[in-house]
Number of protein chains: 2
Amino acid sequence: MPAQSTRDQIVEAADALFYESGLEATSFADIAAAVGISRGNFYHHFKAKDDILEAVIARRMERTRAMLDGWQAEGEGPRERILSFVHMLIANRTQIMDFGCPVGTLCSELAKLDHAAQGRATEIFGLFRDWLAEQMRALGAVDRAEMLALHLLAWSQGVAVMATAFKDEAFIRNEVAGIERWLASLPDFSQST
Amino acid sequence: MPAQSTRDQIVEAADALFYESGLEATSFADIAAAVGISRGNFYHHFKAKDDILEAVIARRMERTRAMLDGWQAEGEGPRERILSFVHMLIANRTQIMDFGCPVGTLCSELAKLDHAAQGRATEIFGLFRDWLAEQMRALGAVDRAEMLALHLLAWSQGVAVMATAFKDEAFIRNEVAGIERWLASLPDFSQST
DNA sequence: ACAGCACTAGGACAGTCGTCCTAGTGCTTA
DNA sequence: TAAGCACTAGGACGACTGTCCTAGTGCTGT
């Protein structure tokens, strides 16, 4: 296997630390220690802390795009694709109960910090929104596609926040079951309107 | 009017700053400057930063309880009371779009920090959950009262997160309308089960 | 009038933050 | 072989962090 470049190691470590500890609570020393390099070293790779955040967001966007493309290429119908999205809540339940949703919590933290990268972080949500809207359109809900996509995104975010607060796995499964019922009722809804 | 004690001023300023800037990004110097007292002064009122957080959470619980009691005493039916809760999303839309939900964002930040006060912050959610469950029971949904309460809480949290990310007021109003429709459909649901 | 106390200001403290600088690796290319 | 460059280590920097200490205020009760 090709050895991972130091730069990539930094971005990967920063990505995990930003998720698990938050952006503000993660210091350069933490990242350097996680990678195993000296603190002064990575000013050769990143001019400032904001540059690392920028790289982390870019990495997350890339990986999100790859994940969505993967679901798209699996050849199943739009309903199955949406289910792939929804089932992330169960697949990642342990991390979600510990740290919340990586996208939602980052956007919230950047909003409070009034950070310049806020818009770029929101673009990750935009990827999900656009992909989900495309699936909704494929289901026949052309007019309400974007509205339905945002609704499903919000529902998932709400589940993540409450799961983090209450550490309740049964709640996650209940809500996912509710989403599945809602999803099953969607085609009828789009036909009747 | 009775002059507000210095201690109360500190807690009030810290409450606002924790909400608007986050716990980690708010320093003693920030709070002291907001109140207009010296940095060293409030070690007479609070032994450590965690004590201020404790006081802020206690204040929020007190005010939440008072708010819920107020809605309870207004003499209307359970559906109107639940609507009072839901309409917080619209009444506080500006702050929510800027900083998210005070409870949800605090719980998420404390989870990432692995902070000892995490459980106490979640208790604020517990107040809402119990109060909403009581209203659900009054609506006739005895078996599913707590589940419905958690669902509504999660829905609201999801709306808050997405509103913060996208700064979209129309989205908030759409979702609130959706909640209202869901709420109107609830009695039928509880009778049929 | 005087002792006691609640309260306040302001600075000292060790530690950490993000940032920058310098010296020194080892590989690449001419 | 020699020059150049990408990369690394480690420390210095001023600013800021949470915490603690001391001196001084003004009100309280005796």
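Naming: A, B, ... by sequence-line order, numbering from 1 per chain. Remember, it's a predicted structure, so these values are computed and weren't measured experimentally.
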Q: Measure from CG on B/Asp51 to P on D/dG18 and round the result to the nearest Å.
A: 14 Å
Q.
In whole Å, I'd like the distance from the CD1 atom of A/Ile52 to the P atom of C/dC17.
A. 13 Å
Q) With B/Glu54, which of B/Arg120, B/Arg59, B/Lys49 fulfils side-chain hydrogen bond (donor to acceptor under 3.5 Å, both in side chains)? A) B/Arg120
Q. Would a 4.5 Å heavy-atom cut-off, applied to side chains only, mark A/Trp71 and A/Glu76 as touching?
A. no
Q: Ignoring backbone atoms, establish whether B/Tyr43 has a side-chain N or O less than 4.0 Å from OP1 or OP2 of D/dT19.
A: yes
Q) So, A/His87 and A/Glu180: side-chain donor and acceptor under 3.5 Å apart, yes or no? A) yes
**Q.** Nearest-0.5 Å distance, CG of residue A/Asp51 to NE2 of residue A/His45
**A.** 13.0 Å
Q.
Output one letter per nucleotide in nucleotides 7-14 of chain D: B when a protein non-hydrogen atom lies under 4.0 Å from the base, S when only the sugar-phosphate is that close, - when neither is.
A. BBBBBB--
(Q) For B/Glu20 and B/Gln95: C-alpha separation, side-chain torsions, deciding distance, then whether side chain to side chain donor-acceptor pair (under 3.5 Å) applies. (A) CA-CA 9 Å; B/Glu20 294 169 13; B/Gln95 295 181 78; over 6 Å; no
Q: Let me know the distance between CG of B/Leu53 and C1' of D/dG18, rounded to the nearest Å.
A: 15 Å
Q) How long is the span from the CD atom in B/Gln157 to the OG atom in B/Ser108, to the nearest 0.5 Å? A) 8.0 Å
Q.
Quick check: do A/Phe171 and B/His151 have side-chain heavy atoms less than 4.5 Å from each other?
A. no
Q: Specify the residues of residues 13-33 of chain B, ordered by number, for which at least one heavy atom lies under 4.0 angstrom from an atom of DNA chain C.
A: none
Q.
Are A/Arg144 and A/Met136 packed together at the side-chain level, in the sense that at least one heavy-atom pair is separated by less than 4.5 angstrom?
A. no
Q) In whole Å, what is the span from the CZ atom of B/Arg7 to the P atom of C/dA6? A) 15 Å
